[in-house]
Amino acid sequence: MPEMIFSNLIYIGYAAGLLAIVWLANFLLDIYYNIAIVHKCWKCRAFYDDVMRFAAVCLGVTLLTLAISAFPQFLAIVGLTVPGEYVDAMSVMAIVALFAKGIYQYTARAMSKLDSILKSELQELEEQTENAKNPQQ
């Protein structure tokens, strides 16, 4: 069991790294969008809250994954036998399913912000082009 948990912690580390990448992308796009486009004042408190939320998500998902990984061992202790390939499949599926939700949601938010940024930039470019064509006298 310790080998399986150690192996799962490695997988969790990879998944948490992917989650960190999309979280950071979402965070940076959010800062740019709020400061440059919406002209909203950026606050350090928002950064602190986002980091705490990210840490809570990673820790919570890690604990859930470890619990799901240990569950087949618990079943074996109480007398129910679970084939080894099922145990491995349950562990991997738990890691993928639990982290995939967070990765998907942060990616979707980042893509939405990127879309808003690009639309705003294109709108400004069109306005500049229109003003260059029709200079006011």
Side-chain angles (χ1 to χ4, degrees):
M1 183 164 133
E3 298 87 25
M4 181 185 64
I5 290 178
F6 181 71
S7 175
N8 286 345
L9 285 174
I10 292 171
Y11 296 146
I12 290 168
Y14 286 133
L18 289 172
L19 183 63
I21 290 168
V22 295
W23 173 81
L24 185 59
N26 178 60
F27 181 74
L28 293 174
L29 289 168
D30 188 48
I31 289 174
Y32 178 79
Y33 178 77
N34 284 325
I35 292 173
I37 295 172
V38 180
H39 303 294
K40 185 176 166 184
C41 184
W42 187 75
K43 298 176 183 168
C44 287
R45 178 73 181 174
F47 175 73
Y48 174 76
D49 290 344
D50 279 350
V51 169
M52 292 303 294
R53 184 179 308 117
F54 174 75
V57 166
C58 280
L59 184 59
V61 170
T62 298
L63 291 174
L64 283 171
T65 303
L66 290 175
I68 292 169
S69 297
F71 187 67
Q73 297 297 324
F74 167 74
L75 292 176
I77 291 170
V78 296
L80 299 172
T81 56
V82 179
E85 54 273 358
Y86 289 177
V87 172
D88 293 340
M90 286 176 67
S91 295
V92 171
M93 292 297 285
I95 294 167
V96 169
L98 292 172
F99 274 99
K101 181 172 175 49
I103 290 168
Y104 170 76
Q105 287 185 335
Y106 278 122
T107 301
R109 288 180 189 168
M111 292 299 294
S112 175
K113 287 180 185 113
L114 180 61
D115 187 46
S116 297
I117 290 168
L118 293 176
K119 282 181 183 177
S120 176
E121 295 290 328
L122 288 174
Q123 184 179 5
E124 287 178 15
L125 183 61
E126 288 174 3
E127 289 173 2
Q128 289 173 357
T129 305
E130 195 63 37
N131 288 339
K133 287 181 182 178
N134 300 322
Q136 296 188 1
Q137 299 172 353

Kindly compute the distance separating CG (Leu28) from NZ (Lys113), expressed to the nearest 0.5 Å. 10.5 Å

Taken to the nearest 0.5 Å, the spacing of Asp50 CG from Trp23 CH2 works out to 6.0 Å

When every non-hydrogen atom of Ala110 is compared with those of Asn26, the smallest separation belongs to N-OD1, 3.3 Å

Is there a path of hydrophobic side-chain contacts, each under 4.5 Å between heavy atoms of I, L, V, M, F, W or Y residues, that connects Leu80 with Phe71? yes

Side chains of Val96 and Tyr11, heavy atoms from C-beta outward: is any pair under 4.5 Å? no

Cluster question for you: counting only ILVMFWY and a side-chain heavy-atom cut-off of under 4.5 Å, with indirect links fine, are Tyr48 and Phe54 together? no

Do the side chains of Phe27 and Val51 get nearer than 4.5 Å, heavy atoms only? no

Ignoring hydrogens, what is the shortest heavy-atom contact between Leu19 and Val57? Give both atom names and the distance. CD2-CG1, 4.0 Å

Give me the other members of the hydrophobic cluster that Leu63 sits in, counting Ile, Leu, Val, Met, Phe, Trp and Tyr linked by side-chain heavy atoms under 4.5 Å, directly or via other members. Leu59

So which atom in Leu64 and which in Leu98 form the shortest heavy-atom distance, rounded to 0.1 Å? CB-CD1, 3.7 Å

Identify whether the distance between the nearest side-chain nitrogen and carboxylate oxygen of Arg45 and Asp49 falls below 4.0 Å. yes

Output the distance between atom OH (Tyr106) and atom CG (Asp30), rounded to the nearest 0.5 Å. 11.0 Å

Decide yes or no for Phe99 and Thr62: does some side-chain heavy atom of the first lie under 4.5 Å from some side-chain heavy atom of the second? yes

So how far is it from Leu114 CG to Tyr33 OH, rounded to the nearest 0.5 Å? 12.0 Å

Test side chain to side chain contact (heavy atoms under 4.5 Å, CB included) applied to Thr107 and Ile21, Leu18, Val22, the passing residue: Val22

pair Val61-Ile12: side-chain heavy atoms closer than 4.5 Å: no

Spatial distance of atom CD (Gln105) from atom NZ (Lys101) [nearest 0.5 Å]: 4.0 Å

Starting at CE of Met111, measure out to CG of Leu29 and round the result to the nearest 0.5 Å. 9.5 Å

Kindly give the heavy-atom pair with the smallest separation between Ile95 and Ala15, and that separation in Å. CG2-CB, 4.3 Å

